[in-house]
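Shown next, in structure tokens, is the structure this report addresses.
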Amino acid sequence: MSKIYEKAPAKINLVLDVLRKREDGFHEVEMIMTMVDLADRLEMEELPRDQILLSSQAGFIPLDEKNLAFQAARLLKERYGVRRGVYIHLDKQIPVAAGLAGGSSDAAAALKGLNRLWNLGLPTEELEALGAELGSDVPFCIRGGTALARGRGEKLETVPRPPQCWVILAKPPINVSTADVYGKFRVGDVKEHPSIPQMLDALSRQSFQDVCASLGNVLENVTLHRYPEVRQIKDCMIKSGADGVLMSGSGPTVFGLVAKEAKVSRVYNALRGFCKEVYVARMLT
Ligand SMILES: C[C@@](CO)(OP(=O)(O)O)[C@H](O)COP(=O)(O)OP(=O)(O)OC[C@H]1O[C@@H](n2ccc(N)nc2=O)[C@H](O)[C@@H]1O
Ligand SMILES: Nc1ncnc2c1ncn2[C@@H]1O[C@H](COP(=O)(O)OP(=O)(O)O)[C@@H](O)[C@H]1O
């Protein structure tokens with residue numbers, strides 16, 4: 001019986017702008033997203049019976065139909081009439097409800113892996129369209145790399161990747177609901193929108209300094225206002241010398257970009273002083 005493995009990397013938002021609230025309740029966004037090498041790992045294996053079974057070493061995520069990897073398997077089975085079973089083991093490394101799209105990346109990895117395991121032969125565009133039914137960030141997680149995302153996040157255009165650097169991620173011990181943050185967000189409150197053209201220009205010139213200077217996320221105001229510990233982490237990263245600092249997605253994870261390896265331990269140690277969950281990753285290129 002064959003086994004398939006897929007990595008599910010975390011994403012960070014280099015730019016996150018919200019243009020308006022839509023009639024369907026979602027928000028029209030413009031984001032530049034990229035992957036880092038902090039990743040979950042999925043192991044998928046045929047089951048002799050027609051069932052979806054999920055396990056994980058992490059005790060704090062749902063293992064039933066609430067899990068996005070389970071939903072991905074069920075969607076493929078229903079849409080393509082697959083009458084085969086699968087056992088998915090999820091090695092969870094990405095912090096949950098952190099603004100790093102861990103669940104979305106697991107769903108994307110399940111779609112990609114099961115496409116192979118069940119010999120469905122679906123092209124990437126079709127997987128991305130299926131992914132959009134599961135969540136706004138899932139299409140990007142299928143495509144990977146670096147992309148400009150529009151619509152509610154599902155309209156993608158691949159753009160140049162950022163220059164290689166260290167990415168230090170710190171997650172305070174609070175869980176933030178994406179729906180809550182968007183619910184509290186008001187476009188009228190935004191004083192300055194980040195510039196997508198400026199970031200695209202920095203990426204095309206591979207200027208690390210200008211990438212750092214162009215980071216921006218309009219959801220920061222909502223989350224920083226509500227959770228002072230997120231601001232504290234941001235301040236600590238800046239003070240300890242990270243070159244660019246931003247909250248990812250709806251938070252609460254804050255990431256710091258660092259060019260020089262010699263600086264990494266200084267930033268890491270400063271954060272570890274008051275934050276348990278700190279990760280050192282690299283940009284996925
Ligand atoms: C904020 C972002 C930035 O990358 O990421 P996270 O912080 O979740 O990682 C995304 O926009 C999140 O994407 P995702 O987490 O897939 O969202 P979904 O499951 O589709 O939606 C969850 C809820 O967020 C709100 N939502 C989401 C996307 C969007 N463009 N507008 C919204 O208003 C809606 O209330 C929706 O019910
Ligand atoms: N495979 C999964 N991994 C993590 N969380 C999941 C998964 N499937 C469903 N969830 C649920 O999705 C919610 C958001 O999780 P996650 O994708 O980690 O965060 P975010 O949207 O902030 O990036 C959590 O409340 C969690 O219970």
Side-chain angles (χ1 to χ4, degrees), residues 6 8-36 38-42 52 54-74 88-111 128 131-142 147-156 169 171-172 174-187 216-220 222-223 230 246-255 277:
E6 282 283 344
K11 65 94 207 201
I12 53 173
N13 302 81
L14 299 176
V15 180
L16 196 168
D17 197 12
V18 181
L19 307 183
R20 63 182 173 88
K21 187 168 179 190
R22 312 190 326 190
E23 267 95 67
D24 63 3
F26 282 86
H27 289 74
E28 196 69 16
V29 294
E30 277 189 344
M31 317 188 279
I32 297 177
M33 322 217 255
T34 198
M35 295 293 194
V36 297
L38 171 67
D40 294 343
R41 188 166 172 273
L42 278 75
I52 303 165
L54 195 60
S55 70
S56 175
Q57 97 293 7
F60 42 78
I61 50 164
L63 294 174
D64 55 9
E65 70 280 351
K66 289 197 199 80
N67 195 295
L68 281 155
F70 185 105
Q71 289 173 24
R74 186 177 57 190
I88 304 175
H89 180 74
L90 176 53
D91 176 12
K92 194 81 201 155
Q93 300 296 328
I94 305 172
V96 177
L100 299 173
S104 307
S105 198
D106 295 343
L111 289 175
E128 286 178 14
E133 296 183 34
L134 299 170
S136 310
D137 273 351
V138 182
F140 169 69
C141 293
I142 287 170
L148 168 60
R150 292 201 171 91
R152 65 178 170 92
E154 85 288 15
K155 292 185 187 147
L156 301 174
L169 303 139
K171 184 199 169 273
I174 44 172
N175 287 339
V176 169
S177 144
T178 301
D180 254 27
V181 173
Y182 274 114
K184 292 197 168 57
F185 174 82
R186 299 285 171 268
V187 175
N217 177 355
V218 297
L219 297 181
E220 262 193 348
V222 178
T223 310
V230 182
L246 193 72
M247 184 183 83
S248 184
S250 53
T253 303
V254 174
F255 66 85
E277 279 191 85

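Position 1 is the first residue of the sequence, and the numbers go up from there. Just follow the structure's listing: the first ligand is 1, and inside any ligand the first atom is 1.
Within the 4.0 Å heavy-atom cutoff, G249 does not count among the residues contacting ligand 2. Contact between Q71 and ligand 2 is absent, with no heavy atom of the residue lying under 4.0 Å from the ligand.
Close contacts between ligand 1 and L16 involve ligand atoms 3 (C) [criterion: under 4.0 Å to a heavy atom]. The contact set between ligand 1 and M31, taken as ligand atoms under 4.0 Å from a residue heavy atom, comprises 3 (C), 4 (O). Close contacts of ligand 1 with S136, meaning ligand atoms under 4.0 Å from a residue heavy atom, involve 13 (O), 16 (O), 17 (O), 18 (P), 20 (O), 28 (C). Close approach of ligand 1 to G25 is summarised as follows: ligand atoms under 4.0 Å from at least one heavy atom of the residue are 33 (O). When each atom of ligand 1 is checked for a heavy atom of N13 under 4.0 Å away, the hits are 3 (C), 4 (O). Near A101, meaning under 4.0 Å from one of its heavy atoms, ligand 1 places the atoms 9 (O). Under a 4.0 Å criterion applied to the non-hydrogen atoms of G249, ligand 1 contributes the atoms 3 (C), 7 (O). For ligand 1, the atoms lying closer than 4.0 Å to a non-hydrogen atom of H27 are 29 (C), 30 (N), 31 (N), 32 (C), 33 (O).
Looking at ligand 1, you'll find an N or O of S250 within less than 3.5 Å of one of its N or O atoms.
Contacts with ligand 1 closer than 4.0 Å are made by side-chain heavy atoms of K11 only, the backbone lying farther away. By the criterion of a heavy-atom distance under 4.0 Å, the side chain of L90, and not its backbone, is placed next to ligand 2. Within the 4.0 Å heavy-atom criterion, neither part of K21 lies near ligand 1. No part of V181 comes within 4.0 Å of ligand 1, judged by heavy-atom distances. When non-hydrogen atoms are compared, ligand 1 lies under 4.0 Å from the backbone of F26 as well as from its side chain. Contact annotation: for A98 versus ligand 2, heavy atoms closer than 4.0 Å belong to the backbone alone.
From the protein, the heavy atom lying nearest to atom 6 (C) of ligand 2 is G103 CA, 4.2 Å. The protein atom (non-hydrogen) at minimum distance from atom 27 (O) of ligand 2 is P62 CD, 3.6 Å. Among all non-hydrogen protein atoms, the one lying nearest atom 16 (P) of ligand 2 is A97 N, 3.6 Å. Looking only at protein heavy atoms, the nearest one to atom 8 (N) of ligand 2 is L68 N, 2.9 Å.
Taking every heavy atom of both residues into account, L38 and P95 meet most closely at CD2-CD, 4.0 Å.
Relative to atom 26 (C) of ligand 2, the option among T253, V96, V176 with the closest non-hydrogen atom is V96. The closest heavy-atom contact to atom 21 (O) of ligand 2, among the options T178, L54, D137, comes from T178.
Distance screen at 4.0 Å: atom 11 (C) of ligand 2 has no protein heavy-atom neighbour inside the cut-off.
Between F140 and L156 there is a side-chain heavy-atom pair separated by less than 4.5 Å.
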